[in-house]
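Here is how names work: the chains are called A, B, and so on, in the same order as the sequence lines, proteins then strands, and each is numbered from 1. All of these numbers come straight from a predicted model, not from anything done at the bench.
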There are 2 protein chains.
Amino acid sequence: MERKRAKSGEIRLTEVAKLAGVSPITASRFFRNPEALSPSKRERVASAAKELGYVPNLAARALASQRTEVIGVLIPSLTNNVFSDVLRGIYDASEGSRYSIQLANTRYSILQEEQLLRLFQAQKPAGLIVTGIDQTAESRAVLEAMNCPMVQIMEIGPAPVDMMVGFSHQDAEFAAVSHLVAQGFQRIGFVGAQMDPRMQRRFGGYRDAMKAAALFDPRLIMTTPVPTSITLGGTLFADLLSKAPDIDAVSCGNDDLALGVLFECQRRQLSVPEDMAIVGFNDLEFMASAVPPLTSVRTNRYEMGRSAVTMVLAAIAGNHPPEPVVDLGFQLMIRESSSPRRA
Amino acid sequence: MERKRAKSGEIRLTEVAKLAGVSPITASRFFRNPEALSPSKRERVASAAKELGYVPNLAARALASQRTEVIGVLIPSLTNNVFSDVLRGIYDASEGSRYSIQLANTRYSILQEEQLLRLFQAQKPAGLIVTGIDQTAESRAVLEAMNCPMVQIMEIGPAPVDMMVGFSHQDAEFAAVSHLVAQGFQRIGFVGAQMDPRMQRRFGGYRDAMKAAALFDPRLIMTTPVPTSITLGGTLFADLLSKAPDIDAVSCGNDDLALGVLFECQRRQLSVPEDMAIVGFNDLEFMASAVPPLTSVRTNRYEMGRSAVTMVLAAIAGNHPPEPVVDLGFQLMIRESSSPRRA
DNA sequence: CACGCAAAAGGTAGCGCTACCATTTTTTGC
DNA sequence: GCAAAAAATGGTAGCGCTACCTTTTGCGTG
């Protein structure tokens, strides 16, 4: 009668403990570290919990223990296939650990990122995985204040907040364009969309490679801030052709654009690679099965997700890796679409 | 000196209240319902919170208030483009509401789904969005016990746990195959992968349409439980051709397979649609830009995500929709790949 | 100017769990 | 066989916030 607050009506740990004939704290231990109990009590608590259908209250647990078993993941897009591979690696690596993944989507917005970071901060995750190295000063301050293991993925750079795993987009694109140069192509165009920092750095690789070969010409460049798509690849390529009809190859900022370019070539009866060589970036699954197969830069996205989680888990367990920055590199996958130019 | 437990060292609401010169409960109200404060106190609390860099403790809030502001989302795959559109709709619709999305990935595993549901149950989400209508009895029991608004998406069926928004995969595939029949194709193959329940129902639509036209022949069918991919589409199509060389059209269980089939046709110098008609399912972005453009069944995935969130939010606010099952339908996008057969 | 009423603000007591000891029981070594 | 060490178990007191209720304040009215 004197109850001040309506009970939730759900089974609590105390009820389980009572049925099992142990103290609440023993029951609590059962859920966190069953080995600490004697086999008989362990058995009793297990069956009591099952009988009552006990579901632990995570909020209470988090409040009392001052921590959670959540790893926060911040990525800029769910639509982009690149991230789905990373996520697969993340989910696979977290499987079997007690940690669950909390995913948030910044939609390429730096402000959204700040906001989501603050939300994560309020949740006190055990670890954090964030995309890229271009956080705002504000975001970086939040990250540093969060005091949990953290990995920046997709890129590598000089000043990790904590850890990093990625590769150099600039070097990768440099390698792709240098390959085209080595194959004998001269008027090599660049098609780019969604000019986020990673795409910018890829463009930097293109620019450097072209300058190194004394082939750089701003008229060969066609970019847009619009989000990437296959259709857009065709459009940009068409625009590029009208600006520079003499191009003999195109380096695409990503594979979607490359496929769009291929379709546009088919529409215009341009044969690939005889009339137009194509290289992409990321080596998504369709690149190898396209006709002709398309050259691309393979990036180790799945492995990136896996490593990030592994590093976070190790750090949570107290084993911070000795080398905080891991370069996963890339592989140039040379296929028919960049076969040497017949002289 | 008598402290039993180390304080977390973080700013608490009490500190903010003290600095603002109000009681803790008033400060609490500021964060939940600022309008309830007089303008002067509102101002004072706001600046105190800012000055101290206060971050609310969500665990404590959830424990005290017995609820969270999280909508749980359970999907079977992050790799499949179909779901990324749904997710985009979900994120867009939740934007601006106070609710945040907690995403979990079942990886097409029913057991994983059960486990994740139990995790959600422990978190007491304010609402839930789950994929499909094929939950285990166990999962369904958990769903029913959760006592929060819930939408099943992607399909519609007779017995919603709470609400549903989707369309009939069987009817959609029936329409696609009937279209091929109407165009004059007779030996229409079916290529399917990842034979989950949704794919099974699509196959049912194919079977019914073929039987209705007296064209059904089990030799025209090529399916595999292997996860879907573009490459796989080519492989399955090649297998199908060796089993039934006389086919004149293929209906593909999804668009990735359809693109794989197109590439395989290009490799074999089969012209589409003259030698081989192709239809896909979902109408992903690349279908319209392929050469030739590929016919597909457009499914309203983005809208599905949006509607699901809208319905959950309405239900949380107490306005359960009068009609719990929403059929978003589909549109047959007829393109060149299924142009009428020349007699 | 007292009165009533609504709006604003505050006091108190948990929400369900676990940290931190203290205590009891069991095992081990000689 | 006994002391010492180790393992298992229990009691108490919060974690930081909000629900519930009470008290105070502001303001129009007879």
Side-chain angles (χ1 to χ4, degrees), chain A residues 1-18 20-45 48-49 52-69 98 121-124 126, chain B residues 1-18 20-45 48-49 52-69 98 121-124 126:
Chain A
M1 290 298 130
E2 261 305 87
R3 264 230 295 307
K4 290 286 300 278
R5 209 180 273 215
K7 291 267 200 296
S8 68
E10 269 163 62
I11 306 300
R12 277 160 311 172
L13 194 51
T14 319
E15 269 100 64
V16 175
K18 195 174 290 172
V22 300
S23 73
I25 187 65
T26 302
S28 167
R29 272 194 273 265
F30 168 77
F31 290 101
R32 289 174 293 146
N33 180 18
E35 277 71 47
L37 305 210
S38 63
S40 71
K41 305 231 166 185
R42 197 184 311 160
E43 174 74 19
R44 294 234 301 281
V45 177
L52 295 173
Y54 171 68
V55 176
N57 182 322
L58 293 186
R61 181 179 288 177
L63 180 59
S65 68
Q66 300 278 32
R67 49 196 162 65
T68 62
E69 295 184 343
R98 337 176 284 165
Q121 191 180 13
Q123 290 186 204
K124 300 175 189 282
Chain B
M1 291 301 129
E2 263 303 87
R3 265 232 292 308
K4 289 290 298 275
R5 210 180 271 216
K7 291 266 198 296
S8 67
E10 267 164 62
I11 306 300
R12 276 158 311 168
L13 194 52
T14 320
E15 268 100 64
V16 175
K18 195 173 292 173
V22 301
S23 73
I25 187 66
T26 302
S28 167
R29 273 193 273 264
F30 168 77
F31 291 100
R32 290 174 292 145
N33 181 16
E35 276 72 48
L37 305 210
S38 65
S40 71
K41 306 232 166 186
R42 197 183 310 160
E43 174 74 17
R44 295 236 297 282
V45 177
L52 296 172
Y54 172 68
V55 176
N57 182 322
L58 293 186
R61 180 179 288 178
L63 179 59
S65 68
Q66 300 278 34
R67 51 197 160 65
T68 62
E69 295 184 344
R98 334 178 285 163
Q121 190 179 15
Q123 291 187 201
K124 301 176 186 284

Asks: Between Pro24(B) and Thr14(B), what is the shortest heavy-atom contact and its length?
Replies: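 Looks like CG-CG2, 4.3 Å.
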Asks: So, OP1 or OP2 of dC17(D): does either fall under 4.0 Å of a side-chain N or O from Tyr54(B)?
Replies: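 Yes, such a contact exists.
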Asks: Quick one: is dG16(C) close enough that its OP1 or OP2 comes under 4.0 Å of any side-chain N or O from Gln66(B)?
Replies: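 So the side-chain polar atoms of Gln66(B) do come within 4.0 Å of the phosphate oxygens OP1 or OP2 of dG16(C), strictly under.
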Asks: If you round to the nearest 0.5 Å, how far is CZ of Arg67(B) from CZ of Arg61(B)?
Replies: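 Going from the CZ atom of Arg61(B) to the CZ atom of Arg67(B) covers 9.5 Å.
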Asks: If I take atom NZ in residue Lys41(B) and atom P in nucleotide dT24(D), what distance separates them, rounded to the nearest angstrom?
Replies: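 The answer, rounded to whole Å, is 14 Å.
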Asks: Starting at atom CD of Glu35(A), determine the distance to atom C1' of dA6(D), rounded to an integer number of angstrom.
Replies: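 To the nearest whole Å, that distance equals 17 Å.
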Asks: Is there a donor-acceptor contact under 3.5 Å from the side chain of Thr68(B) to the main chain of Lys124(B)?
Replies: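 Yes, because the side chain of Thr68(B) sits within donor-acceptor range (under 3.5 Å) of the backbone of Lys124(B).
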Asks: Bend across the helix from dC1(C)-dG30(D) to dC30(C)-dG1(D), to 10°, with axes taken over 5 pairs at each end?
Replies: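 Inter-axis angle at the ends, rounded: 20°.
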Asks: Can you sort out the partners of Glu43(B) under salt bridge (Lys or Arg N to Asp or Glu O under 4.0 Å), two or more places apart, ordered by chain and number?
Replies: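 Glu43(B) satisfies salt bridge (Lys or Arg N to Asp or Glu O under 4.0 Å) with no other residue.
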Asks: Quick one: label Ala62(B) by what it contacts on the DNA or RNA (base, sugar-phosphate, nothing), any heavy atom closer than 4.0 Å.
Replies: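 No contact.
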Asks: Can you tell me how far CD of Gln123(A) sits from CD of Gln121(A), rounded to the nearest 0.5 angstrom?
Replies: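 Rounded to the nearest 0.5 Å, the CD-CD separation comes to 11.0 Å.
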Asks: Roughly how many Å is it from CZ in Arg12(A) to P in dG14(C), rounded to a whole number?
Replies: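 In whole Å, dG14(C) P lies 12 Å from Arg12(A) CZ.
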Asks: Rounded to the nearest 0.5 Å, how far apart are CZ of Arg12(B) and CG of Leu52(B)?
Replies: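 Answer for the CZ-CG pair, Arg12(B) versus Leu52(B), is 11.5 Å.
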Asks: How many angstroms lie between CG in Leu13(A) and CD1 in Ile25(A), if you round to the nearest 0.5 Å?
Replies: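 Reported to 0.5 Å precision, the distance equals 8.0 Å.
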Asks: Any idea which of dC15(D), dC17(D), dT9(D) is nearest the Ala64(A) side chain?
Replies: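 Of the candidates, dC15(D) comes closest.
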Asks: Over how many whole Å does the gap from Leu13(B) atom CG to dG10(C) atom C1' extend?
Replies: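 Interatomic distance, CG of Leu13(B) to C1' of dG10(C): 13 Å.
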Asks: How many whole angstroms separate atom NZ of Lys124(B) from atom P of dC15(C)?
Replies: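 Rounded to the whole Å, the gap is 12 Å.
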Asks: Just how far, in rounded Å, is C1' of dT18(C) from CG of Leu58(A)?
Replies: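 Atom CG in Leu58(A) sits about 14 Å away from atom C1' in dT18(C).
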Asks: From the options dC17(D), dA8(C), dT18(C), select the nucleotide whose nearest atom is closest to the side chain of Ser65(A).
Replies: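 Taking heavy atoms from C-beta onward, the closest nucleotide is dT18(C).
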Asks: Ignoring backbone atoms, establish whether Ser38(A) has a side-chain N or O less than 4.0 Å from OP1 or OP2 of dT26(C).
Replies: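 No.
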Asks: What is the distance, rounded to the nearest whole Å, between atom CD of Gln123(B) and atom P of dC15(C)?
Replies: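 Result: 22 Å.
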Asks: Measuring from atom CZ of Arg32(B) to atom CD of Glu69(B), what distance do you get when rounded to the nearest 0.5 angstrom?
Replies: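 If we round to the nearest 0.5 Å, Arg32(B):CZ and Glu69(B):CD are 10.5 Å apart.
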Asks: Rounding to a whole Å, what distance do you find between Lys18(A):NZ and dG10(D):P?
Replies: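 After rounding, the reported distance stands at 14 Å.
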Asks: Rounded to the nearest 0.5 Å, what's the gap from OG on Ser23(A) to NZ on Lys41(A)? Could you check?
Replies: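 Going from OG on Ser23(A) over to NZ on Lys41(A), the span is 8.0 Å.
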Asks: Arg67(A) near the nucleic acid: base, sugar-phosphate alone, or nothing, with a heavy-atom cut-off under 4.0 Å?
Replies: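 Touches sugar-phosphate only.
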Asks: For DNA chain C, which residues in residues 22-33 of chain A have a heavy atom at a distance below 4.0 Å?
Replies: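 The stretch gives Ile25(A), Ser28(A), Arg32(A) as the residues lying under 4.0 Å from the strand, ordered by number.
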Asks: Mind listing the closest non-hydrogen atom pair of Phe30(A) and Pro34(A) along with its distance?
Replies: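 Shortest heavy-atom contact: O-CG, 3.3 Å.
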